[in-house]
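Order of appearance sets the numbers: ligands from 1, and atoms from 1 within every ligand.
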Amino acid sequence: MSISISGVSKLYGEQKALDEVSFEISTGEVVGFLGPNGAGKSTMMKIITCYLPPDGGKAEVCGRNVMEDSIEVRKRVGYLPEHNPLYLDMYVKEFLDFVGGIHKIKNRRDRVNEMIDLVGLGREQHKKIGALSKGYRQRVGLAQAMIHNPEVLILDEPTSGLDPNQLVEIRDLITQIGESKTVMLSTHIMQEVEALCSRVIIINQGNIVADAPTQELQKMTGRKTKTITVEFAQDVTASALAKIENISNVKELPDGSFSLTSNGNVDPRKAISIWAVQNDVLILTLREDEVSLEDVFKQLTTSK
Ligand code: ADP
Ligand code: MG
């Protein structure tokens, strides 16, 4: 087990940021840690990386307790903190060499060059960090997190504030890293989890509200209806469609197609096809809408 969290709590004064949180992450997993702002993601990550002590419960990384064995934990964990704090006046190589020194890495120069290659900083390696774009700064952050070859990587919102191209590049890099390491990354972007993570843990107000393989999450809404999008080659009226068996609601969409909601959890596609044949109209599109992960997230993290 790479990460084992059991009943961990954290208080900031009166405020409970984490309320007896428990979960485990196995070696090699890439897990998304998802939650709205203020949910407790960064706090949990600071505890795992020994930046903050828990007020209760037990946190272990690679079988070592963050309180009793913090140096051993730090050797095994790479951490990219939220907002990626870097020394902007340092040169890329100088900074990585400095971090390598903290970790007492042997053959530091070689290792720094290896990291520069790995994260794709070749062309920027002689620049000052302050002169780099945000995407390249993020690469420096990832390089410093991995320079001591840790087993576990904790990435706190690694793609926030990146433009769409940088986003894709950093996601690709994380995918590549995830092939050889245990990764826990926080985000409040659902698509990021879909793109990168095999499992998702959702936290809200200091409590875990879901912990499931990404693909299974969609089933967690307990939605009682199905929604079908259908487009016809001929003009069709909403009132005619409403008469189809098991259809409870019909909405015409701006592009001329229709969104049909079924009564209960039955699939009305067969009935729609039969209706089309009987009425001599041609179906161009007939698609069941998936429950989006966004919906699941909203449902699980909106207080009622
Ligand atoms: P997230 O990373 O999910 O946005 P955080 O772990 O940063 O959430 O914060 C969880 C809660 O704890 C928030 O309500 C936040 O305001 C509060 N909090 C975080 N850090 C501190 C701190 N140093 N002092 C007081 N409150 C804090
Ligand atoms: Mg945070």
Side-chain angles (χ1 to χ4, degrees), residues 3-25 29-61 66-67 70 73-74 77-86 134-135 137-138 140-142 144-145 152-162 166-167 170-171 174 182-197 199-212 214 217 220 293-294 296-304:
I3 300 176
S4 177
I5 305 299
S6 163
V8 164
S9 294
K10 181 72 194 176
L11 287 160
Y12 293 113
E14 297 275 284
Q15 190 186 2
K16 215 168 205 176
L18 294 173
D19 187 8
E20 298 188 19
V21 168
S22 301
F23 60 86
E24 292 193 324
I25 297 180
E29 276 193 286
V30 178
V31 174
F33 195 40
L34 199 77
N37 283 326
K41 302 181 295 294
S42 295
T43 302
M44 189 71 246
M45 293 182 141
K46 285 175 189 163
I47 290 173
I48 295 170
T49 52
C50 306
Y51 273 69
L52 274 181
D55 291 322
K58 195 167 82 172
E60 287 181 344
V61 179
V66 295
M67 294 292 277
S70 121
V73 169
R74 286 167 210 238
V77 176
Y79 178 33
L80 177 62
E82 197 173 14
H83 310 307
N84 188 16
L86 294 168
K134 197 151 197 274
R137 287 185 198 185
Q138 217 61 1
V140 176
L142 284 168
Q144 70 74 27
V152 177
L153 270 182
I154 305 292
L155 311 176
D156 197 352
E157 305 212 11
T159 61
S160 78
L162 300 181
Q166 296 169 334
L167 198 85
I170 296 297
R171 280 185 189 165
I174 294 171
T182 305
V183 178
M184 179 181 190
L185 70 95
S186 73
T187 174
H188 53 264
I189 309 164
M190 209 68 213
Q191 289 90 333
E192 190 136 294
V193 171
E194 282 181 293
L196 295 173
C197 308
R199 183 176 141 210
V200 53
I201 298 174
I202 302 184
I203 186 169
N204 190 38
Q205 298 180 352
N207 292 287
I208 304 290
V209 292
D211 180 349
T214 313
L217 203 67
M220 294 187 64
L293 288 178
E294 298 278 356
V296 182
F297 179 72
K298 239 187 264 169
Q299 236 183 58
L300 290 169
T301 59
T302 313
S303 358
K304 277 154 213 131

With side chain to side chain contact (heavy atoms under 4.5 Å, CB included) as the criterion, how do M190 and L34 come out once you've worked through the C-alpha distance, each side chain's angles and the decisive distance to 0.1 Å? CA-CA 8 Å; M190 209 68 213; L34 199 77; 3.3 Å; yes

Identify, by atom number and element, the atoms of ligand 1 in contact range of N37, meaning under 4.0 Å from any of its heavy atoms. 4 (O)

The Mg ion (ligand 2) to nearest N/O/S of D156 less than 2.8 Å: no

So is there a nitrogen or oxygen of S42 less than 3.5 Å from a nitrogen or oxygen in ligand 1? yes

Atoms of ligand 1 under 4.0 Å from any heavy atom of P36, numbered from 1 in the order shown, are 3 (O)

Please state whether the separation between the Mg ion (ligand 2) and some N/O/S atom of T43 is under 2.8 Å? no

Check the side chains of E24 and S4 for a donor-acceptor pair under 3.5 angstrom, ignoring hydrogens and angles. yes

So, is G40 polar-close to ligand 1, with some N/O to N/O distance under 3.5 Å? yes

What do the steps show when you test M44 against K10 for side chain to side chain contact (heavy atoms under 4.5 Å, CB included), and what is the final call? CA-CA 8 Å; M44 189 71 246; K10 181 72 194 176; over 6 Å; no

Looking at atom 14 (O) of ligand 1, what's its closest protein heavy atom, distance included? Q15 NE2, 2.7 Å

Dump the intermediate steps for side-chain hydrogen bond (donor to acceptor under 3.5 Å, both in side chains) on D55 and S9, then the final yes or no. CA-CA 6 Å; D55 291 322; S9 294; over 6 Å; no

Just distances here: any N/O of T43 and N/O of ligand 1 closer than 3.5 Å? yes

Are I154 and F33 close enough, and set up right, to give a side chain to side chain contact (heavy atoms under 4.5 Å, CB included), and what steps lead you there? CA-CA 10 Å; I154 305 292; F33 195 40; over 6 Å; no

Option set G206, S186, G38, criterion heavy-atom distance to atom 11 (C) of ligand 1, minimum: G38

Measure the distance from atom 27 (C) of ligand 1 to every protein heavy atom, then report the residue, atom name and distance (to 0.1 Å) of the closest one. Y12 CD1, 3.2 Å

Check I170 against G135 and note the closest heavy-atom contact, atom names and distance. CD1-O, 3.7 Å

Roughly how far apart are T301 OG1 and N207 CG, rounded to 0.5 Å? 12.5 Å

